[in-house]
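Just so you know, residue 1 is the first one in the sequence shown, and it goes up from there.
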Amino acid sequence: MNLPITAERLDDDTNDYICRTCGSEISMKGPIISMNFGAFLFSDELKESGHASDKMELFWHFMYYGRIIPPRDYTYTYLTLVSKMLGGQADLRFCSIECLRTFFSSAIDLFEAKIAAIKIADDTGAESAE
């Protein structure tokens with residue numbers, strides 16, 4: 001799996017109607033499985049005009065915090081799944097439940113490998129590899 005997923009704002013029809021797992025084209029007629037991320041920037045006190053803004057950048061990480069090392073430091077690792085999505089919004093589309101499951105399973109496998117590496121560092125007292 002090629003992580004992190006990065007792109008400019010995913011809001012044009014030519015860019016984001018592909019399956020993030022197998023790469024096949026997805027018809028706008030469906031079915032479409034979509035994982036949506038979003039945030040709004042409210043630009044007035046009444047919070048009536050929330051909108052996506054290029055002042056926002058979306059990211060999505062899996063984080064693992066390991067052993068706490070005195071005085072307050074800790075070992076950690078992370079896996080970035082989505083990075084540098086301008087506008088604060090993204091739609092990740094998949095052609096099937098199987099591809100969605102494969103996406104998460106592959107991400108978890110990568111994350112587990114990173115955690116295993118940091119646990120070795122924790123056990124030997126070495127610093128985090130991140």
Side-chain angles (χ1 to χ4, degrees):
M1 178 171 7
N2 191 10
L3 291 176
I5 297 168
T6 60
E8 297 286 308
R9 181 183 293 159
L10 291 178
D11 60 358
D12 85 318
D13 293 338
T14 62
N15 186 26
D16 61 340
Y17 281 85
I18 59 165
C19 178
R20 292 294 164 175
T21 301
C22 72
S24 65
E25 290 187 28
I26 301 172
S27 169
M28 290 179 61
K29 296 177 182 178
I32 300 170
I33 297 167
S34 184
M35 192 168 25
N36 308 98
F37 303 89
F40 288 104
L41 175 67
F42 293 102
S43 58
D44 63 17
E45 289 182 18
L46 298 175
K47 295 186 178 182
E48 291 179 347
S49 60
H51 58 281
S53 169
D54 286 339
K55 294 180 181 178
M56 296 187 293
E57 185 174 286
L58 174 76
F59 64 91
W60 179 31
H61 305 295
F62 287 163
M63 293 289 300
Y64 171 83
Y65 297 96
R67 180 174 58 96
I68 295 175
I69 303 169
R72 289 186 166 202
D73 206 1
Y74 51 86
T75 56
Y76 68 94
T77 192
Y78 60 92
L79 177 68
T80 302
L81 291 104
V82 176
S83 179
K84 299 181 181 179
M85 293 287 187
L86 294 179
Q89 296 186 353
D91 300 321
L92 305 181
R93 295 191 173 92
F94 302 89
C95 66
S96 65
I97 289 291
E98 291 79 17
C99 278
L100 177 64
R101 180 176 287 117
T102 299
F103 175 84
F104 277 110
S105 293
S106 296
I108 290 168
D109 290 346
L110 290 170
F111 191 46
E112 281 180 327
K114 291 180 78 103
I115 291 170
I118 199 166
K119 284 185 175 180
I120 292 169
D122 279 350
D123 291 343
T124 63
E127 293 297 316
S128 171
E130 290 295 342

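Side-chain atoms of Tyr17 and Arg93, non-hydrogen and from C-beta on, do get closer than 4.5 Å to each other. Side-chain contact between Lys114 and Ile118: absent, with no pair of heavy atoms (C-beta onward) separated by less than 4.5 Å. Tyr76 is not listed as a side-chain neighbour of Tyr64, based on a closest heavy-atom distance of 4.5 Å or more.
Taking each heavy atom of Cys19 and Cys95 in turn, the nearest pair found is SG-N, 3.5 Å.
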For residues 26-36, dump all side-chain donor-acceptor pairs below 3.5 Å to protein atoms at least two apart in sequence or in another chain.
| unit_1 | atom_1 | unit_2 | atom_2 | d |
| --- | --- | --- | --- | --- |
| Ser27 | OG | Lys29 | N | 3.0 |
| Ser34 | OG | Asn36 | ND2 | 3.1 |
| Asn36 | ND2 | Asp91 | OD1 | 2.5 |

Side chain to side chain contact (heavy atoms under 4.5 Å, CB included) between Val82 and Leu92, intermediate numbers included: CA-CA 10 Å; Val82 176; Leu92 305 181; 3.8 Å; yes

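Under the side-chain contact (heavy atoms from CB on, under 4.5 Å) criterion, Ala107 pairs with Met1, Leu3, Phe62, Leu79, Leu81, not counting sequence neighbours. Scored by the ring-ring contact (aromatic ring centres under 6.0 Å, His included) test, Phe104 finds no partners at all (sequence neighbours excluded). For Glu98, the side chain to side chain donor-acceptor pair (under 3.5 Å) criterion is met by Ser96, not counting sequence neighbours. With sequence neighbours left out, the side chain to side chain donor-acceptor pair (under 3.5 Å) criterion links Thr80 to His61.
Sparse packing is recorded around CZ of Phe59, with 12 or fewer heavy atoms of other residues, nucleotides or ligands lying under 6.0 Å away.
The ring pair (Phe, Tyr, Trp, His ring centres under 6.0 Å) pairs that include a residue from residues 81-101 are Phe94-Phe103, where partners are two or more places apart or lie in different chains.
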